[in-house]
Amino acid sequence: MPLLLIQGTYRLKGTKPDGDTVHFVADSPDEWKLVGGKHPVIASSSGDAPLRLEGIDALETHYAGVHQPLEFGHAAASELLSWLGFNSVERQRDEKVTASTPETVPGWILTGGGDVNNRAVALAGRGAPPAASGTAVVVDVPLLRQTANHHLASLGLVYPTFYAGLFPDLREELTDVARSARTAGQGLWSKDVTTSGFKVADLSTITDNAVILPKLFRRLVDYFQLGMPISCFPAFLAGKGDMLTVMATGERLVGLHHVVTVSNGHTVRLTHPVEDLLFDEG
């Protein structure tokens, strides 16, 4: 899988990094112009741009003014920043970083494009890069294993969450390590109820108690703002029109209501393992 390699540094101050997003400053800012895809990466004149880590999704620590259970969201964020090379990080209550030691750390990313929020969708590496910056690199499984994405999945601190741009061999590797972590009950898998189901009483169910796939959490938070009963959640999902493929069968679907059920008027669950779903980028 060929991706553009960009060398630079990770920077935290003034940002809100979590378990799958962090800011990266390219050594050569013009290299952001080499990134392909239909969504451009928006970077500052100094080369600073936000990253979204490819193939994984960490529990939300700040989404629409709320969060998921913070134990695992904070654990993923802490592990990501420690793995990158930050020894200490000071934050405000709103998760914004006020100081870090060191202020920046060297690293590299591999990216094939931006997302709908104009963040670079990337595999994140640390230290010296494996190739020259500004060049296309064929990414295989051994190289994937050198990234934060793989590291977090192997510890069970994030959900594998796949979009169409990630090649099958890399998806399979992330699936394998995530399944191993789930079997061992590591990290968030010890409390995950995404497919087993969770009774939704109110918003606090998903902010304080139920550990679920962040994509499902975000849809539920948006739905709660409408003030509708949870039994009508599938109709809301149908209207959102998320496009996805069930990889086990190859079935193409429009709307998460095909893979999310609400039973007894209040129990929500995803009907397929998340690693079996391939989402289209919006």
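For clarity, every value in this text was computed on a predicted model and none was experimentally measured. Side-chain atoms are counted along with the backbone in the values below, which use heavy atoms only and exclude waters and symmetry mates.
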Could you go through Ile206 and Asn209, starting from their C-alpha distance and side-chain angles, then the distance that decides it, and tell me whether this counts as side-chain contact (heavy atoms from CB on, under 4.5 Å)?
CA-CA 6 Å; Ile206 59 173; Asn209 300 308; over 6 Å; no

Of Asp176, Thr175, Thr161, which meets side-chain contact (heavy atoms from CB on, under 4.5 Å) against Glu275?
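Among Asp176, Thr175, Thr161, the one meeting side-chain contact (heavy atoms from CB on, under 4.5 Å) with Glu275 is Thr175.
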
Name the residue from Thr261, Val200, Leu216 that meets the side-chain contact (heavy atoms from CB on, under 4.5 Å) definition with Phe233.
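Checked Thr261, Val200, Leu216 against Phe233; only one passes side-chain contact (heavy atoms from CB on, under 4.5 Å): Leu216.
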
Whether [X] side chain and [Y] backbone form a donor-acceptor pair below 3.5 Å:
| X | Y | value |
| --- | --- | --- |
| Arg252 | Val254 | no |
| Thr135 | Ala132 | yes |
| Thr194 | Leu213 | yes |
| Tyr223 | Pro229 | yes |
| Gln68 | Glu60 | yes |
| Ser78 | Ala75 | no |
| Asn117 | Arg119 | no |
| Thr111 | Val121 | yes |
| Trp108 | Arg126 | yes |
| Asn118 | His39 | no |

Any chain of hydrophobic side-chain contacts (each under 4.5 Å) joining [X] to [Y]?
| X | Y | result |
| --- | --- | --- |
| Trp83 | Val158 | yes |
| Val268 | Leu188 | yes |
| Leu237 | Tyr63 | yes |
| Leu81 | Phe72 | no |
| Phe162 | Leu157 | no |

Within a strict 4.5 Å, meaning less than it, do heavy atoms of the [X] and [Y] side chains meet?
| X | Y | answer |
| --- | --- | --- |
| Val66 | Phe217 | yes |
| Gln146 | Pro142 | no |
| Leu123 | Leu143 | no |

Would you give the length of the straight line joining atom CG of Leu53 to atom OG1 of Thr21, rounded to the nearest 0.5 angstrom?
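Those atoms lie 7.5 Å apart.
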
Quick one: NE2 on His272 to CG on Leu277, what's the gap to the nearest 0.5 Å?
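Answer rounded to 0.5 Å: 6.5 Å.
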
[X] and [Y] ion-paired at < 4.0 Å:
| X | Y | result |
| --- | --- | --- |
| Glu281 | Lys38 | no |
| Glu173 | Arg145 | yes |
| Asp242 | Arg219 | yes |
| Lys215 | Asp57 | no |

Under a 3.5 Å cutoff, is there a donor and acceptor pairing between the side chains of Asp192 and Tyr159?
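A donor-acceptor contact under 3.5 Å links the two side chains.
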
Assess, by modelled atom type and distance only, whether the side chains of Asp48 and Ser46 contain a donor and an acceptor separated by less than 3.5 Å.
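No, because no side-chain N or O of Asp48 sits under 3.5 Å from a partner of the opposite role on Ser46.
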
Ignoring hydrogens, what is the shortest heavy-atom contact between Pro17 and Arg91? Give both atom names and the distance.
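Minimum heavy-atom contact is O-NH2, 2.9 Å.
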
For Phe24 and Gln7, which heavy atoms make the closest approach, and how far apart are they?
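Residues Phe24 and Gln7, closest heavy atoms: CZ-C, 3.6 Å.
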
Could you note down all residue pairs passing salt bridge (Lys or Arg N to Asp or Glu O under 4.0 Å) where residues 17-27 supplies at least one of them, sequence neighbours left out?
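Of all non-adjacent pairs touching residues 17-27, none passes salt bridge (Lys or Arg N to Asp or Glu O under 4.0 Å).
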
Show the numbers, then the answer: is there a side-chain contact (heavy atoms from CB on, under 4.5 Å) between Phe224 and Thr205?
CA-CA 12 Å; Phe224 269 111; Thr205 298; over 6 Å; no

Decide side-chain contact (heavy atoms from CB on, under 4.5 Å) for Thr61 and His74; before the verdict, give the C-alpha distance in whole Å, the side-chain angles of both, and the deciding distance to 0.1 Å.
CA-CA 7 Å; Thr61 58; His74 283 164; 4.0 Å; yes

Chi angles and distances behind the side-chain contact (heavy atoms from CB on, under 4.5 Å) call for Thr195, Val274:
CA-CA 9 Å; Thr195 56; Val274 62; over 6 Å; no

